[in-house]
Protein chains: 2
Amino acid sequence: MTTAQIKDVLALATARLAPAGEYIFDEGAEAASFHLLLDGHIQVERLNAEGDRVISLHIPPGQLFGIAKALGRTTYPASAVAAVDCVVLSWPMSQWSEFADRYDGFATETYSVIGARMAEMHNRIMELATQRVEQRIACALLRLSEKHGRQVEGGTEIAFPITRKVLSEMTGSTLHTVSRLLSAWERDEIVKSKRKHIFVLDPSRLEQLAQ
Amino acid sequence: MTTAQIKDVLALATARLAPAGEYIFDEGAEAASFHLLLDGHIQVERLNAEGDRVISLHIPPGQLFGIAKALGRTTYPASAVAAVDCVVLSWPMSQWSEFADRYDGFATETYSVIGARMAEMHNRIMELATQRVEQRIACALLRLSEKHGRQVEGGTEIAFPITRKVLSEMTGSTLHTVSRLLSAWERDEIVKSKRKHIFVLDPSRLEQLAQ
DNA sequence: CTCCGAGTTTGCGCTTCAACAACCTTTGGC
DNA sequence: GCCAAAGGTTGTTGAAGCGCAAACTCGGAG
């Protein structure tokens, strides 16, 4: 895309600040807009019939999300919540095809993102189907630190606040089990954690635990 | 697509018969072709590091598969095996973009398929994360009978041979547990099974079991 | 017709982990 | 500085379901 094209596109967007905890859109709602995360972290989640929350993925800044239209859907398949204060650009879904037609590489880029997300979901399915809780949590921490990590002295910090509860909802477990494991791993100096913040100190041993 | 266009397209395809058990392509292999299943049933699967097989989805006749290129990938993310004798049309992946450009609706149609598959994977993740084995197996049977069912007197038969082992690999369980549950459900006249064949007699009670 | 192997059934012990419960700690609002 | 609420720790218990083992049965190859 040229600079002129970028200007055009930005002129059509609405920017807004979503404070931590705000829902950008809800599962099942009509997909009226697609979004770009400029800053912050978005959590994509669904509730099952019994009301258990399952967190499917986290969106890092710079990614499009809520692109239901690209997949032939008219409603959002999941909800998106701001995990921290976020800056979000939004466009009406009606402009999707225009964008795709007009800007070369827009569609290709988008489908690469979708491909990557599918691959990630595929991995999650494998993990859930074959690994034990301990391994799954180790995997989740590794993924988070790789994709959403920030280097600090001594290790990698996960770049947004994350509770035991959230980690359990990402791994199909309970906050109790997560708490126990994090405590054990902290004793072994594999991770370190403050409330809502986790640091991976020794990724190689975490990988071992994930097998 | 017009009839003339269909003829063009078919002229470029290679047709072949894949006997039951044959691998159409392997996980990780270079994505040289994309395929259309004319007849039969394809099973998409992956192996994890320990060699456990996980079955992600089943492809019904009439669907495209192995469409890695559409998702910006150069290798297949999973393997595809013929679950029964299959008739498969294949095109070299190099023709993908040509097809997408030339035939209106081709791309849109494809992305709808991808959207549906993502939705299904999403559901699988939810199930694996929150439901117990019994519920997951009930869900799997319902899905199979809906998407790959064939009406027979008294119920619905799953349209391709399926072992306890396969069902366990679809649900992240073991063939023993599946066997036990099927036996119990057969006593309650919810399902009926011959070796490699399963009939769903009472879908409503199965839905109850799946909650 | 017989044999062999793939598919299935069933029992038993043992591990994993969710459920329940109680208590502790940190943080932010007033 | 106090309080409430959110978040975290830790112990105990019970059950789900996996691993192992052994036996059974069907169906096809020869």
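Sequence lines set the chain letters: A, B, ... in the order given, protein chains first and strands last, and positions in each chain run from 1. Predicted model, so just to flag it, every value in this text is computed and none were measured.
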For A:Thr174 and A:Arg164, does a side-chain donor sit closer than 3.5 Å to a side-chain acceptor? no
Describe the nucleic acid contact of A:Ser193 in one word from base, sugar-phosphate, nothing, applying a heavy-atom distance below 4.0 Å. nothing
Counting any heavy atom closer than 4.0 Å, what does B:Ser183 reach on the DNA or RNA strands: base, sugar-phosphate only, or nothing? sugar-phosphate
When we call it a touch if two heavy atoms are under 4.0 Å apart, what does B:Arg164 touch: a base, just sugar-phosphate, or nothing? sugar-phosphate
Taking donor-acceptor contacts at under 3.5 Å, does the side chain of A:His176 reach the base of D:dT10? yes
What is the distance, rounded to the nearest whole Å, between atom CD of B:Gln131 and atom P of D:dA16? 16 Å
Ignoring hydrogens and angles, are the base of C:dG11 and the side chain of B:Arg180 linked by a donor-acceptor pair under 3.5 Å? yes
Between B:Leu36 and B:Gln63, is a side chain to side chain contact (heavy atoms under 4.5 Å, CB included) present by the stated rule, with each step listed? CA-CA 6 Å; B:Leu36 175 66; B:Gln63 268 201 12; 5.6 Å; no
Would you classify A:Leu175 as touching base, sugar-phosphate or nothing, given that sugar-phosphate means primed atoms plus P, OP1 and OP2, and contacts are heavy atoms under 4.0 Å? nothing
For A:Glu45 and A:Ser56, which I'm curious about, is there any donor-acceptor pair between the side chains at under 3.5 Å? no
Distance check needed: C:dA19 P versus A:Lys165 NZ, whole Å only. 11 Å
At under 4.0 Å, does any side-chain N or O of B:Thr177 touch on OP1 or OP2 of D:dC18? yes
Remember a base hit wins even if backbone is also touched, and classify A:Thr174 as base, sugar-phosphate or nothing at under 4.0 Å, heavy atoms. sugar-phosphate
Reading DNA chain C from 5' onward, which residue's closest nucleotide shows up sooner: A:Lys194 or A:Arg132? A:Arg132
Describe the nucleic acid contact of B:Arg195 in one word from base, sugar-phosphate, nothing, applying a heavy-atom distance below 4.0 Å. base
Quick check for you: among C:dT9, D:dC18, D:dT9, whose closest atom lies nearest to any side-chain atom of B:Ser179? C:dT9
Would B:Glu120 and B:Lys147 pass as an ion pair if we require N to O under 4.0 Å? yes
Which part of the nucleic acid, if any, lies within contact of B:Lys196, taking any heavy atom under 4.0 Å across all strands shown: a base, the sugar-phosphate backbone alone, or nothing? sugar-phosphate
Is there side-chain contact between B:Val54 and A:Thr130, with heavy atoms separated by less than 4.5 Å? yes
